[in-house]
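Order of the sequence lines fixes the chain letters, A, B, ..., with proteins taken first and strands second; residue numbering starts at 1 for each chain.
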2 protein chains.
Amino acid sequence: MKTMESQFGEKIRALRAQQQLYLRQVAPWLEMDTAQLSKIEKGLRQLKREQISTIANILKADTDELLTLWLADQIYAVVKDEKLANEAMQATEEKIKHKKTKQE
Amino acid sequence: MKTMESQFGEKIRALRAQQQLYLRQVAPWLEMDTAQLSKIEKGLRQLKREQISTIANILKADTDELLTLWLADQIYAVVKDEKLANEAMQATEEKIKHKKTKQE
DNA sequence: ATACATTAGCCAATATTTGACAAGTCAAGA
DNA sequence: TCTTGACTTGTCAAATATTGGCTAATGTAT
C-alpha cells in the first residue's frame, strides 16, 4: 500500500502516544472506528476540517497548531511532485496579501 | 453566481485577448465548448492539469508560468479564508525542503 | 494458543466535479 | 427594432473521487 506522509497524522499519533491512549479510546469521540483513525494517522484519509478542534481537545493539544499541519497536508497534496511548488506558493502568498490589503 | 477569483483564468483570458481569439476558436482544441472555457476563465471550473501545456501552446504562452498560476489557484482554494494560511504554507515549504534534502 | 492493538483490503454509500446542452444577457450593426 | 455573434448562466445527469463500515490479516506480548 502506498503510504503517503502526513504531518498532521504523525503529530496526532505522537500526541496520542504521549497521552497513552489507544486508537479505540480516541476513535469513538470522532465517530469513527479504529481502522479509519489509523488511516488518518498514516495520511491515507483526511480528518474533516471541523473535527480538528475535537481531536485537539481529546489529545490536549493546540487547535491552531493542528490546523496548521492539517492545512499543510492539503497544500502538500497539491504541490508534491511539482517542480514549481515554491513559485506557486509564492504567487499564492502575494494573492493573500492583496486580499488583506483590499479588506482594510 | 459566486464568482471566485482565479489567477490562471484571468491570465488566459488576457492572453486570449492579446491573441485576438474568441472562445470558440480556443475551446475546440481543449475538447470543450465555449461555456466550459468561459467558466474556466472565471475560475468556476478548473482546467485539467495535463491540458495546461496545450493551452499554453494555443495562446503562445509559457507553460511554466501558466502552471504556476494554476497551482496557485489550487493552493488558494485550500487556504482562502484560513487565518493560518501563511503558517501552513511555511510548514509546507519546510516539508518540501526536507524532501529535496533526502533525495540528494 | 489467546488477547489485543493496529493495519490492509474491499466495496457500497456519499460527495464532488465535470460535460453537455439550453437559454439568457449584452453590444454592435443593419 | 430585429438580428447576429460573443459570452455567460443554469441545470442536471454522468463521471470521479472520497469516505465509512466491515472483515480479515498482521504483529506482539503473555
(message) Would you say that A:R49 contacts B:E82 through its side chain, given a criterion of any heavy-atom pair below 4.5 Å between the two side chains?
(response) yes
(message) Is there a side-chain contact between A:E93 and A:I96 in this structure, where contact means two heavy atoms from C-beta onward sitting under 4.5 Å apart?
(response) no
(message) Once side-chain contact (heavy atoms from CB on, under 4.5 Å) is applied, do any residues pair with B:D62, and if so which ones, sequence neighbours excluded?
(response) B:D64, B:E65
(message) If we ignore hydrogens and angles and just use 3.5 Å, is the side chain of B:Q7 paired with the main-chain N or O of B:A72 as donor and acceptor?
(response) no
(message) Given 3.5 Å as the limit, does a donor-acceptor pair link the side chain of A:D73 with the main chain of A:S6, or not?
(response) no
Nearest whole Å is fine: how far is [N] [atom2] from [X] [atom1]?
X	N	atom1	atom2	value
B:L47	C:dT17	CG	P	16 Å
B:L37	D:dC7	CG	P	9 Å
B:E41	D:dA6	CD	C1'	12 Å
A:R13	C:dT6	CZ	P	7 Å
B:I40	C:dT17	CD1	C1'	12 Å

(message) Please tell me if A:S38 has a side-chain N or O lying less than 4.0 Å from either OP1 or OP2 of C:dT6.
(response) no
(request) Give the intermediate values and the outcome of side chain to side chain contact (heavy atoms under 4.5 Å, CB included) for residues B:K42 and B:E5. (result) CA-CA 7 Å; B:K42 307 193 119 225; B:E5 328 172 37; over 6 Å; no
(request) Compare every heavy atom of A:A27 with every heavy atom of A:L37, then report the nearest pair and how far apart it is. (result) CD2-N, 3.7 Å
(request) Run the salt-bridge test on A:R16 and A:E41 with the 4.0 Å N-O cut-off and return the result as yes or no. (result) yes
(request) Treat primed atoms plus P, OP1 and OP2 as sugar-phosphate and everything else as base, then score nucleotides 19-28 of chain C 5' to 3': B for base contact with protein heavy atoms under 4.0 Å, S for sugar-phosphate contact only, - for none. (result) BBB-------
(message) Within residues 18-26 of chain A, which residues have any heavy atom lying less than 4.0 Å from an atom of DNA chain C?
(response) A:Y22, A:L23, A:R24
